[in-house]
Amino acid sequence: MTVLASSYDVVCIGGAMTGTAAAYFLSENPDFDGSVLVVEPDWTYDYANTTRAQNSIREQYTNPLNIQLSRFGAEFIADFHDRVQVDGQSPEINFRGTGYMFIAEDEAAYRRLEEESVGQLAMGAEVAMLRPDQIAERYPYMDVDQLVGARVGGLREGSFDGWAFFQGMRQRALHNHVTYVKDRVLGIDLDGGRVTGVRLESGARVGCGFAINAAGCRAREVAAMVDLDLPIEPRARTSFMFDCRTLIDYVVPLTVTPAGVHFRREQNHFMCGAVPTSDVAIDASDFEIRHDEFEELIWPTVARYVPQFDQIGIVTSWGGQYDYNTLDHNLILGPGSEVDNFFFANGFSGHGLQQGPGVGRGLSELITYGAFRSIDLAPLSYTRIERNEPFLESAVI
């Protein structure tokens, strides 16, 4: 049983990717000499967004900050062993660089992808515009007759073992003397507009200098504990793994269709998902598998672009969630305006795993130095929520 101190310099409310990334970067920062507590009720992480994600990373965003965050995520993946090793050991994350491919069926959509590529290239992303004959040459399994083109990313984009990625950071944080406890925050104490401590389900009360809301789809519930509101709601996302009877012996990038369906290779199978036709808020405890999505939306779509997919069978499936920011699909990061030592790290809208390292580093900088130093993430602050001024990201999958 974990014995808690009476207070910690930082308490992370939620211990999956975001809370662990914050704890990791604080504990790695030589200028931070404080104590960190991570409070997580789901000790197996079975119902964390982190473990139910599709474990991919891309540079192809329309917002420059998201490109910067994911580029740092790619750097972190490239140096993963050195960054997280404990006594020379680290989990194997098996990164597979395949790129993402956004396809267009009409000239207007192609031009939009091309216009977005200008900003992506300016930010250092690796992207290329392809016409149908070029797509057919690279990816012979694709039926390009209905396409006018596509935008394809470089090999820094791809997929990896998300559980190993998370566990590597968590193990390093534990090695750095971060304290993890299986418990749940039920209340937050305030005094003079500042957080002074958190109250736990176990009955303990722990003082803190900073509190980080890393509660994923329950972030709105935690924000309400300090009388602040968030435009965040759980949205259902079901993932399917299927087998194809016909061998496709080529690179299969994560392919994004105009219908909101995406698919990619996952070792000997294929992983896929979609934006539901009725994309509405659900309960935070709802992890139901939406089987009808595969039959009615996903299968007809993927078979349309890849003829070999007309004969496939589901291998497995699982229900997941996005902590969806209804204002602008971008994360909310930094202090609450009226409670300046209560920090948000919420509303990733499906991008949390790949943006975790950049967000963790940013939180470490804010707490240690009082300002961002590596990437200026100030536009993601809570004040934009209060002003109702979206900081838009249109490339949401």
Side-chain angles (χ1 to χ4, degrees), residues 2 10 12 14-40 42-59 68-99 154-182 212 214 216 254 264-268 271 345 348 351-365 367-368 374-375:
T2 303
V10 180
C12 299
M17 186 63 206
T18 304
T20 287
Y24 165 88
F25 277 94
L26 283 165
S27 68
E28 288 285 304
N29 189 336
D31 295 328
F32 176 80
D33 59 1
S35 56
V36 181
L37 171 68
V38 179
V39 183
E40 171 56 50
D42 179 9
W43 213 230
T44 64
Y45 298 92
D46 282 350
Y47 295 98
N49 294 352
T50 297
T51 56
R52 291 174 175 262
Q54 292 195 3
N55 310 326
S56 299
I57 186 167
R58 60 183 164 111
E59 298 179 313
Q68 288 180 283
L69 282 169
S70 283
R71 290 203 67 195
F72 178 65
E75 292 172 14
F76 193 92
I77 287 172
D79 300 329
F80 184 74
H81 172 77
D82 291 339
R83 289 179 181 270
V84 307
Q85 62 84 22
V86 175
D87 298 328
Q89 301 296 313
S90 68
E92 179 57 61
I93 59 173
N94 296 312
F95 176 75
R96 299 172 292 278
T98 59
L155 298 186
R156 288 197 296 256
E157 298 183 331
S159 58
F160 54 94
D161 186 329
W163 175 251
F165 187 63
F166 160 66
Q167 283 294 338
M169 296 181 74
R170 186 177 186 272
Q171 289 170 17
R172 179 73 173 214
L174 286 165
H175 174 75
N176 293 344
H177 307 296
V178 169
T179 300
Y180 278 73
V181 64
K182 181 182 183 297
I212 298 174
L254 196 154
R264 66 168 172 84
R265 186 188 298 279
E266 177 63 25
Q267 298 181 4
N268 296 324
M271 184 180 291
F348 288 87
H351 309 142
L353 198 60
Q354 60 188 284
Q355 294 185 337
V359 168
R361 182 178 64 176
L363 288 167
S364 171
E365 292 171 350
I367 289 171
T368 306
S374 302
I375 302 173

Exercise for the section: Report the distance from atom CG of D42 to atom OG1 of T50, rounding to the nearest 0.5 Å. Expected result: 10.5 Å
Handout entry: Side chains of Y24 and S364, donor plus acceptor under 3.5 Å
Key = no
Problem - Check against salt bridge (charged side-chain N to carboxylate O under 4.0 Å, His left out), R96 and E157 - result: CA-CA 8 Å; R96 299 172 292 278; E157 298 183 331; over 6 Å; no
Handout entry: Carboxylate-amine/guanidinium contact R83 E28, below 4.0 Å
Key = no
Practice task
Would you confirm whether T20, through its side chain, and G15, through its main-chain N or O, come within 3.5 Å as a donor-acceptor pair?
Solution key: yes
Problem - Gap between atom CZ of R361 and atom CD1 of I375 - 0.5 Å precision - result: 5.0 Å
Problem - From F166 atom CZ to D161 atom CG, the distance as rounded to the nearest 0.5 Å - result: 12.5 Å
Practice task
Start with the C-alpha gap between E59 and R156, add the side-chain angles, then the distance that decides, and say whether salt bridge (charged side-chain N to carboxylate O under 4.0 Å, His left out) holds.
Solution key: CA-CA 8 Å; E59 298 179 313; R156 288 197 296 256; 2.8 Å; yes
Fill in the blank from the handout: Output for pair (M169 CE, S90 OG), nearest 0.5 Å, gives 13.0 Å
Completion exercise
The reported gap from OG1 in T2 to CG in L37 (rounded to nearest 0.5 angstrom) is 9.0 Å
Practice task
Could you check if a side-chain atom of L26 sits within less than 4.5 angstrom of a side-chain atom of V10, using non-hydrogen atoms only?
Solution key: yes
Handout entry: Crowding at CG, D33 (>12 non-hydrogen neighbours, <6.0 Å)
Key = no
Handout entry: Polar side chain donor-acceptor pair, Y45 to R170, under 3.5 angstrom
Key = yes
Problem - With S56, the side chain to side chain donor-acceptor pair (under 3.5 Å) member among R264, Q354, H351 - result: R264
Practice task
Decide yes or no for W163 and N55: does some side-chain heavy atom of the first lie under 4.5 Å from some side-chain heavy atom of the second?
Solution key: no
Exercise for the section: Kindly check if the number of other-residue, nucleotide or ligand heavy atoms within 6.0 Å of CG (N268) is above 12? Expected result: no
Problem - Parallel, tilted or perpendicular: ring planes of F76 versus F165, cut at 30 and 60 degrees - result: perpendicular
Completion exercise
So OG of S70 and CZ of R58: to nearest 0.5 Å the spacing works out to 7.5 Å
